[in-house]
2 protein chains.
Amino acid sequence: MAEGDETEVRAANTGTLGKAMAVLELVALADRPLRFTEILARAGQPRATLHRQLGHLVEEGLLELNADLCYEPGLRMLKLASASWARSDLRRLAAPHLQALHELTGETVHLGVLRDAEIIYLDKVESRQAVRMASQVGKTSPAHCTGVGKAALSLLSAERLHRLFGGVELLGFTPTTITARDALEAELALIREVGHAFDREEHEAGIRCVAAAISDQQKTFVGGISVTGPAYRVGEDVLQAWAPLVRNAAAAISEEIAVRLGPRP
Amino acid sequence: MAEGDETEVRAANTGTLGKAMAVLELVALADRPLRFTEILARAGQPRATLHRQLGHLVEEGLLELNADLCYEPGLRMLKLASASWARSDLRRLAAPHLQALHELTGETVHLGVLRDAEIIYLDKVESRQAVRMASQVGKTSPAHCTGVGKAALSLLSAERLHRLFGGVELLGFTPTTITARDALEAELALIREVGHAFDREEHEAGIRCVAAAISDQQKTFVGGISVTGPAYRVGEDVLQAWAPLVRNAAAAISEEIAVRLGPRP
DNA sequence: CTAGCTTGTTCCATTATGTGGAACTTGGTT
DNA sequence: AACCAAGTTCCACATAATGGAACAAGCTAG
């Protein structure tokens, strides 16, 4: 019934699983443990239904219900995520290139892939720091204001871009964030031309980076790598100097992907 | 119908979600991308059913179906797990203690928690190494042959222990792995008495460690920390010398947990 | 201490959803 | 062309999710 909007219906047809995942995500991405009622308010689901869903999620180890009756992320997710991360082909294949890039530049190097309008960081190499190490792996950032993100977006078709950013607004994070649709398109065209993307404090103040896209020949997969550093250390000249290094590394990785996918005979 | 065994039925009553998670885990913990038929063989589920489940998992971003029709872990899990890891209270609270322990010993320090009969590593601090950093976070190891695992087990009631290891065999990994039930119980009693656990190459040859348990006063939660090093560098004397350091750190963390949970007034 | 609230939990008739045997494609092999 | 294996779709059927409503448990106020 009601086939309705053919217009890119975002709501997936994943039945029970989809609803459970929505609840899981709600809790996992919250910034603190949530009470039943808080979840109820945000989940838009009848009490009894939500109650059972939460019960199932807890029983599966995806959530935990602590002594204060607050729901928290469970450990099962960590296990699953870790296992899949460990065998990510892209990550393994890119690792030496990241390392090399780090040694050349001395700054932090990231590997990220595009998922919807977000970049998910898969790996990073950084100098010994006080900052916790894995802190960035699995983290997501908006694509339109990060180096890796813009590099990845630059390879998408106009149509796919339109789908991603169709109705939504481009959030601004700093004074330099690109928030106008047409400005972003111009930026992407430029990036496509020169082969690398800059992030000049567009996501976080005081942080600059150079990035280049990774893709297989059909541009089915899109991700990218970047070198990031604090603005006081990374001036415009430095960004420009690093650009070719990043481009080369990205190209090398893209090539290896192509080889792995096999030269169809 | 058939309420059957009341005897600790492991099969959860999580309906559709449980089945989906079983399939997800099957794929995520495999050591390579799997074809539909391979999954079919291992999942013990009718074709059509499995096909729809996989479809849903893919649509939800929990799995990905690559060009060779192989199913691989998706990125959604990584995102969720990363977000929850970042805000894990235990991890944040323990971090400075891990760091301190690392500085005292110069070796790798782990934080892990018990889940069923497994230890899941939540964090680690290690020297700068060639080995990739996050490689261990989220990883699981059997509890009966790791330092953290045995320390955690030592705090469980006999009844809970029995439930965990009831029917299953204790897998052996090296010549020194404890595989006899009664030997394990004796070891746990000893650990309970002295307050720390050793792993003398019981899980991996050439790797030794000292661990101590972390728990809240009701022993509801159980985890542990450990210092690990290669056998050639870590002799029996070193293990003994580190034991008090590890015990103290674990005690300090346990205390902080107790404080956080609040001195109920 | 009771009345009145809010928050969490359980019940159960209703029906939407997932189930799975079987039939149907698709692509490769002899 | 005939065959086989791998993947995909169909649809009558029954299981499993749904959600309104009643129930318990904790608080706070009168």
Side-chain angles (χ1 to χ4, degrees), chain A residues 1-4 9 11-27 30 32-60 62-72 74 220 261-265, chain B residues 1-4 9-27 30 32-60 62-72 74 220 261-262 264-265:
Chain A
M1 54 188 86
E3 205 176 311
V9 186
N13 184 26
T14 45
T16 313
L17 179 65
K19 289 167 199 164
M21 287 304 297
V23 173
L24 177 58
E25 184 154 314
L26 184 70
V27 177
R32 65 192 164 79
L34 296 178
R35 302 284 291 281
F36 177 85
T37 318
E38 298 180 283
I39 304 174
L40 182 62
R42 305 180 198 190
Q45 205 122 203
R47 300 164 92 85
T49 302
L50 180 66
H51 194 259
R52 184 176 23 78
Q53 287 171 336
L54 286 171
H56 285 172
L57 287 167
V58 168
E59 219 176 323
E60 282 295 321
L62 296 167
L63 290 180
E64 266 164 47
L65 178 55
N66 68 25
D68 316 338
L69 296 184
C70 282
Y71 289 88
E72 291 184 290
T220 297
L261 289 185
R264 306 265 164 110
Chain B
M1 56 188 88
E3 206 175 309
V9 186
R10 197 97 199 85
N13 183 26
T14 45
T16 313
L17 179 65
K19 290 167 198 161
M21 287 304 298
V23 173
L24 176 58
E25 185 154 311
L26 183 70
V27 177
R32 66 194 164 78
L34 296 178
R35 302 286 292 280
F36 177 85
T37 318
E38 298 180 284
I39 304 174
L40 183 62
R42 305 181 199 190
Q45 203 121 205
R47 301 164 93 85
T49 302
L50 181 66
H51 194 259
R52 184 176 22 77
Q53 287 171 337
L54 286 170
H56 285 172
L57 287 167
V58 168
E59 218 176 324
E60 281 296 321
L62 295 167
L63 290 181
E64 265 164 48
L65 178 55
N66 69 26
D68 316 339
L69 295 184
C70 282
Y71 290 89
E72 290 184 291
T220 297
L261 289 185
R264 306 265 163 109

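A note on names: the letters A, B, ... follow the listed sequences, proteins ahead of strands, and every chain is numbered from 1. Please read these numbers as outputs of a predicted model, since none were measured by experiment.
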* Asked: Over how many whole Å does the gap from B:Leu50 atom CG to C:dA22 atom C1' extend?
  -> 17 Å
* **Heavy-atom side-chain proximity of A:Thr16 to B:Leu17 below 4.5 angstrom** => no
* Close side-chain approach of B:His51 and B:Phe36, heavy atoms under 4.5 Å -> yes
* **Side chain to side chain, B:Tyr71 and B:Asn66, heavy atoms closer than 4.5 Å** => no
* So which nucleotide from D:dG7, C:dT7, D:dA17 ends up closest to the side chain of B:Arg35? -> D:dG7
* Protein-nucleotide distance (B:Gln53, atom CD; C:dT17, atom P), rounded to Å -> 17 Å
* Asked: Please give, in whole Å, the distance from C:dT19 P to B:His51 NE2?
  -> 14 Å
* Any side-chain donor near an acceptor of the partner, B:Glu59 and A:Thr14, under 3.5 Å -> no
* Asked: Taking NZ from B:Lys19 and P from D:dA16, how many angstroms apart are they, rounded to a whole number?
  -> 5 Å
* Student check: side-chain heavy atoms of B:His56 and B:Gln53 closer than 4.5 Å -> no
Nucleotide N/O to protein N/O under 3.5 Å, stretch nucleotides 20-22 of chain D:
none

* Tell me whether the OP1 or OP2 atom of D:dA17 has a side-chain N or O from B:Thr16 closer than 4.0 Å. => yes
* To do: Check whether any side-chain N or O of B:Glu60 sits under 3.5 Å from a backbone N or O of B:Leu57 as a donor-acceptor pair, and report yes or no.
  => no
* Checking all strands, does B:Arg52 fall into the base, sugar-phosphate, or nothing category for heavy-atom contacts under 4.0 angstrom? -> base
* Asked: Whole-Å distance between C:dT7 P and A:Leu34 CG?
  -> 14 Å
* Structure fact -> Rounded to whole Å, the CD-C1' distance (B:Glu59 to C:dG18) equals 15 Å
* To do: Could you tell me whether B:Leu69 contacts a base, only the sugar-phosphate backbone, or nothing, with contacts defined as non-hydrogen atoms closer than 4.0 Å?
  => sugar-phosphate
* First encountered from the 5' end of DNA chain C, between B:Gln45 and A:Glu38 -> A:Glu38
* **Euclidean distance, atom CG of residue B:Leu54 to atom C1' of D:dT8 [Å, nearest integer]** => 12 Å
* Round to the nearest Å and state the distance from B:Phe36 atom CZ to D:dT8 atom P. => 7 Å
* **Criterion side-chain contact (heavy atoms from CB on, under 4.5 Å) on B:Val58 and B:Glu64, from CA distance to verdict** => CA-CA 5 Å; B:Val58 168; B:Glu64 265 164 48; 5.9 Å; no
